[in-house]
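Working notes, beginning with the structure itself.
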Number of protein chains: 2
Amino acid sequence: MGTKQTLTPEDWIKAAFKLLTSSGPKAIRVDYLCKELGVTKGSFYWHFADLAALQAAMVEHWRRVATSDVIASMVSPELSPRDLFIRFIEDILDVPTREYGGPMTEVAIRHWAAGDEAVHAVVRNADTERLAFLTLQMRGSGLTGPEARSRATLIYATLVGLKQLTGEPGLPRMDIPGFVDAMLRPAPSNAAAVQAALVASATPVRCPEPQLEVQ
Amino acid sequence: MGTKQTLTPEDWIKAAFKLLTSSGPKAIRVDYLCKELGVTKGSFYWHFADLAALQAAMVEHWRRVATSDVIASMVSPELSPRDLFIRFIEDILDVPTREYGGPMTEVAIRHWAAGDEAVHAVVRNADTERLAFLTLQMRGSGLTGPEARSRATLIYATLVGLKQLTGEPGLPRMDIPGFVDAMLRPAPSNAAAVQAALVASATPVRCPEPQLEVQ
DNA sequence: ACCTGAACACCGTTCAAGT
DNA sequence: ACCTGAACACCGTTCAAGT
């Protein structure tokens with residue numbers, strides 16, 4: 001009743017992301033997937049030619065939802081540049097992860113890419129595409145060409161880096177609107193100052209006292 | 001008689017490099033190694049705990065002969081800075097490869113590193129070590145701190161890049177002494193000019209007319 | 001000490017047969 | 001159309017037995 005009769009490729013991809021984020025790239029295995037979905041191996045090979053095909057589909061899916069789809073959803077012209085930036089950044093870092101491997105999909109993909117050149121190539125493409133879009137928007141906000149590019153690079157690198165740290169407890173939470181405002185200010189062009197603005201605007205999460213294991 | 005009775009770890013490492021350079025990282029397999037050496041699999045596991053141990057030994061061997069050993073052989077103070085540079089570059093790019101996988105070991109290792117994070121980490125360390133040494137020597141030749149570092153980086157990146165292209169036919173052959181002379185000139189500090197000096201001093205190998213496949 | 005030979009383990013892949 | 005179940009293939013690893 002509540003259970004679906006037939007599996008779709010999306011079911012396999014979703015299960016594979018779950019394995020990726022929970023147990024790493026090497027956990028993307030046919031038997032694990034089948035256990036997760038309650039079927040036997042033969043079923044997998046009806047949907048995919050081989051494991052490489054599923055992996056390619058995973059990466060391509062990620063590329064679409066975490067890059068092209070987000071960019072495409074931005075072309076509605078009612079957004080101010082500032083709001084567009086905020087939404088883009090929040091979407092890139094969070095939206096595509098909701099349905100699949102949880103909030104750490106982006107980090108898991110980059111970890112996977114470190115050991116798989118095919119994955120790495122797609123991640124590079126995604127970075128390029130996102131950066132080109134951010135640069136274009138920066139330029140549309142009145143910044144000059146090189147300035148637009150360098151600010152876009154800085155903002156993107158900073159946020160990707162912070163996202164990596166999000167896994168650890170006691171992370172600083174980032175104030176994305178405040179950061180965007182600092183990045184859009186035309187004058188100072190001072191990377192260090194902008195970086196300082198981000199750090200200053202980051203509200204540290206309540207940091208629990210370090211607990212010693214006392215019994 | 002002419003054949004050795006007993007295999008050494010070095011024999012396995014050498015055979016593994018042969019497989020790496022001829023057929024890529026995935027060809028480093030126990031059965032291939034055994035066929036190459038004329039023994040059975042059990043022999044391998046007497047010498048190494050597992051395949052990962054052999055791979056680690058390969059990378060560590062490369063790191064030693066292609067980095068630390070070359071640097072250590074340079075501390076004899078009879079060399080002029082210019083000759084030291086020339087010898088270092090030639091040794092780094094050629095010497096460590098003679099005994100093992102031929103002249104393309106450096107390229108093969110970097111290709112391997114693209115798909116294996118453990119290998120990649122060692123390559124990064126080697127690059128850092130080589131660059132630190134080159135920078136130090138630049139500084140000893142009268143260049144200022146930042147200038148020494150940027151020139152060392154440029155020279156190293158250029159030569160690594162050219163080495164990658166060496167595999168293809170019709171390569172430009174590089175005039176290392178001429179390049180070093182250009183890099184040691186203190187004044188202009190112009191990266192593009194130095195780059196031009198290298199390209200100008202590269203004597204193109206006889207470039208055959210493009211042959212159309214006419215039958 | 002060094003190696004053989006055979007077995008085992010693991011996991012991707014195939015395929016005839018079911019519904 | 002979608003899946004089961006069992007077999008096979010591939011290759012890393014183990015180990016008792018040889019010299």
Side-chain angles (χ1 to χ4, degrees), chain A residues 1-61 108 111-113 115-119, chain B residues 1-61 108 111-113 115-119:
Chain A
M1 321 267 141
T3 61
K4 214 178 351 167
Q5 321 253 11
T6 265
L7 294 172
T8 66
E10 282 68 36
D11 292 323
W12 292 97
I13 293 175
K14 197 177 296 190
F17 269 108
K18 198 168 168 188
L19 288 171
L20 171 65
T21 53
S22 68
S23 310
K26 293 202 307 186
I28 306 175
R29 286 176 22 177
V30 178
D31 52 349
Y32 291 173
L33 288 164
C34 291
K35 190 166 213 174
E36 182 78 23
L37 295 173
V39 290
T40 57
K41 290 169 157 193
S43 175
F44 174 81
Y45 286 93
W46 192 90
H47 290 281
F48 295 93
D50 51 27
L51 196 53
L54 170 64
Q55 292 169 333
M58 290 175 68
V59 173
E60 179 50 35
H61 174 93
H111 181 241
W112 186 10
D116 187 315
E117 185 47 30
V119 177
Chain B
M1 311 269 147
T3 62
K4 216 181 344 170
Q5 323 255 8
T6 266
L7 293 172
T8 65
E10 282 70 33
D11 292 323
W12 292 97
I13 292 175
K14 197 177 298 190
F17 268 109
K18 200 169 165 186
L19 288 171
L20 171 65
T21 53
S22 67
S23 310
K26 293 201 309 187
I28 305 173
R29 286 174 25 177
V30 178
D31 52 350
Y32 291 173
L33 288 164
C34 292
K35 190 165 212 174
E36 182 78 23
L37 295 173
V39 291
T40 57
K41 289 169 156 192
S43 174
F44 175 82
Y45 287 93
W46 192 89
H47 289 281
F48 294 94
D50 52 25
L51 196 53
L54 170 64
Q55 292 169 334
M58 289 174 69
V59 174
E60 179 50 35
H61 175 93
H111 180 240
W112 185 11
D116 186 317
E117 186 48 30
V119 176

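Computation of the quantities below employed the complete heavy-atom set of this structure, encompassing side-chain atoms and omitting hydrogens, waters and symmetry-equivalent molecules. So you know, we letter chains A, B, ... as the sequences are listed, proteins then strands, and number each from 1.
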Would you mind reading off the distance between [X] atom [atom1] and [N] atom [atom2], rounded to a whole angstrom?
| X | N | atom1 | atom2 | value |
| --- | --- | --- | --- | --- |
| B:D50 | C:dC10 | CG | P | 16 Å |
| B:L7 | C:dT4 | CG | P | 9 Å |
| A:K35 | C:dC11 | NZ | P | 12 Å |
| B:K26 | D:dC10 | NZ | P | 14 Å |
| B:L54 | D:dC11 | CG | P | 17 Å |
| A:L51 | D:dA9 | CG | P | 20 Å |
| A:F44 | C:dC11 | CZ | P | 15 Å |
| B:F48 | C:dC2 | CZ | P | 13 Å |

Quick check against the 3.5 Å criterion: does B:D116 have a side-chain atom that pairs as donor or acceptor with the backbone of B:A113?
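The answer is no, because no donor-acceptor pair under 3.5 Å joins these two groups.
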Please confirm whether the shortest side-chain N or O distance from B:Y45 to OP1 or OP2 of D:dT14 is below 4.0 Å.
no
Return no unless some side-chain N or O of B:H47 is found under 4.0 Å from OP1 or OP2 of C:dC3.
yes
What is the ring orientation for B:W12 with B:H47, classed by angle as parallel under 30°, tilted 30 to 60°, or perpendicular over 60°?
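B:W12 and B:H47: tilted rings.
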Heavy-atom side-chain proximity of B:F44 to B:L54 below 4.5 angstrom:
yes
Does any part of the side chain of A:S43, heavy atoms only, come nearer than 4.5 Å to the side chain of A:F48, both counted from C-beta?
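Contact flag for A:F48/A:S43 side chains = no.
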Measuring from A:Y32:OH to A:K26:NZ, what's the distance to the nearest 0.5 Å?
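Output value for this atom pair is 10.0 Å.
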For the side chain of [X], starting at C-beta, report the closest nucleotide among [options].
| X | options | answer |
| --- | --- | --- |
| B:V30 | D:dC11, C:dT13, D:dT13 | D:dT13 |
| A:W46 | D:dC2, C:dT13, C:dC2 | D:dC2 |
| A:T40 | D:dT4, D:dT13, D:dC3 | D:dT4 |

Of A:D31 and A:G42, the one whose closest DNA chain C nucleotide lies more 5'
A:D31
Paired with D:dC15: which nucleotide, if any, by Watson-Crick or G-U wobble criteria at under 3.5 Å for both distances?
C:dG5
Side chain A:K41 and base D:dG5 donor-acceptor under 3.5 Å
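Side chain to base: no pair below 3.5 Å.
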